[in-house]
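What follows is a short report on a single structure.
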Number of protein chains: 2
Amino acid sequence: MVSGLVATIDHRSGNKERLLLWIRLLRASRMIESELRERLKRDFNSTLPRFDVMAALFRAPEGMLMSDLSRFLLVSNGNVTGIVDRLVSDGFVSRARRDGDRRTSIVTLTEQGREEFQRMARVHEDWIGDLLGDVDEADAKRLSTMLKSFRSNWEGET
Amino acid sequence: MVSGLVATIDHRSGNKERLLLWIRLLRASRMIESELRERLKRDFNSTLPRFDVMAALFRAPEGMLMSDLSRFLLVSNGNVTGIVDRLVSDGFVSRARRDGDRRTSIVTLTEQGREEFQRMARVHEDWIGDLLGDVDEADAKRLSTMLKSFRSNWEGET
DNA sequence: GCGAAATATTTCAACCTTGAAATTTCATGC
DNA sequence: GCATGAAATTTCAAGGTTGAAATATTTCGC
């Protein structure tokens, strides 16, 4: 639950549309997240954060540092620690000490992790297609572009 | 952290744009949320969920049932219980038994709660204006409309 | 009236999340 | 070499979140 699900007080003029946009943006992503969470649990006994970590690692066969994961996924360090811990104990992920710098550890998907992720990823894409099915491709592209641009102005990333 | 922050496998053609849209939607709302969370903590020692509950109650001077709050804010019952508990112990919210149905309790903002919320709401709107400042009003309106429509097709609500 | 189903809420375990403090290791200046 | 600060990670407390089970109350059929 997140700030802005509710329209509030409207004491300045120009921000009305932006406030409404924020509310809708939020409600939309909350509903999609909620649906994805439910399906991941039902079909794979997993969660969204686990899926995200596995997706990041899938794209990086050489592995990632904990801090890479944290930065890439936009979450805190401590958060990543817990999620990776659980993935390790399930056998989907492994931590390896690096020689050269003993502070860091390289995190990679295990073979089992790669297989499981691919099973999930196939279905996941269909789910998104399903849930966003009413947005036609042109709209998706425009919306996408807007979101990309407005974001990058106060945070320098893609 | 949420499913889709990472582009995954692209085995079907049509969903490519939608998947990208979803990723950007998510990253955008995550960044805004994160910024709002930080500011609410810093300036009001509060949180987003607390703000949302107070906003909902502000619009309903006659009060709301726990289940109304839950439905309106799109979160679970048990979740609302905890947040309201903490707001009550801070003196911002009160629970009142209803005669007629002893299962339910009416939740309202206290006077102190109303004042505190209004303080927050004023600044909150400016923050949104700030964070979404790069979206001009016309774009905001279009984006808003898209978000509204694509959502309502698999969930019946505004 | 009474028992069964329905409704409103709370409780609970498990997980997610943050931000700050603690830990371990490395790099740098001297 | 060695102290000092920087960097990577973990730990921890507090709060948020869900879904399922437990409680309490009402409603309804009979």
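Reminder, nothing fancy here: chain letters follow the sequence lines and each chain counts from 1.
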By side-chain hydrogen bond (donor to acceptor under 3.5 Å, both in side chains) - contacts of [X] (at least two apart):
| X | value |
| --- | --- |
| Arg86(B) | none |
| Arg97(B) | none |
| Ser94(B) | Thr108(B) |
| Arg102(B) | none |

Rounded to whole Å, how long is the line connecting atom [atom1] of [X] with atom [atom2] of [N]?
| X | N | atom1 | atom2 | answer |
| --- | --- | --- | --- | --- |
| Arg37(B) | dT17(C) | CZ | P | 9 Å |
| Leu87(B) | dA14(D) | CG | P | 18 Å |
| Arg30(A) | dT17(D) | CZ | P | 6 Å |
| Leu40(A) | dC16(C) | CG | P | 12 Å |
| Asn45(A) | dA14(C) | CG | P | 13 Å |
| Lys41(A) | dC16(C) | NZ | P | 10 Å |
| Arg42(A) | dA20(D) | CZ | P | 12 Å |
| Ile83(B) | dA14(D) | CD1 | C1' | 14 Å |

Checklist entry - Excluding sequence neighbours, so at least two apart, what forms salt bridge (Lys or Arg N to Asp or Glu O under 4.0 Å) with Asp101(B)? => result Arg103(B)
Checklist entry - Quick one: what's the B/S/- string for nucleotides 5-13 of chain C, heavy-atom cutoff under 4.0 Å, read 5' to 3'? => result --BSBBB--
Checklist entry - At under 4.0 Å between heavy atoms, what does Ser34(A) touch on the DNA or RNA strands: base, sugar-phosphate, or nothing? => result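 It contacts nothing in the nucleic acid.
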Checklist entry - Reckon Arg86(A) has a side-chain N or O less than 4.0 Å from the OP1 or OP2 of dC15(C)? => result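 Arg86(A) to dC15(C) OP1/OP2: no side-chain N or O under 4.0 Å.
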What are the atom names and distances for every N/O pair under 3.5 Å that joins the protein to nucleotides 1-4 of chain C?
none

Checklist entry - Between the main-chain N or O of Leu132(B) and the side-chain N or O of Arg18(A), is there a donor-acceptor pair closer than 3.5 Å? => result yes
Checklist entry - Ignoring hydrogens and geometry, is there a side-chain-to-backbone donor-acceptor pair from Ser34(B) to Arg30(B) under 3.5 Å? => result no
Checklist outcome for this item: Note: with side-chain heavy atoms under 4.5 Å as the link, the other cluster members for Leu20(B) come out as none
Item to check | Within residues 72-83 of chain A or reaching into it, pairs that qualify as salt bridge (Lys or Arg N to Asp or Glu O under 4.0 Å) - sequence neighbours excluded | outcome: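 Qualifying pairs, neighbours excluded: none.
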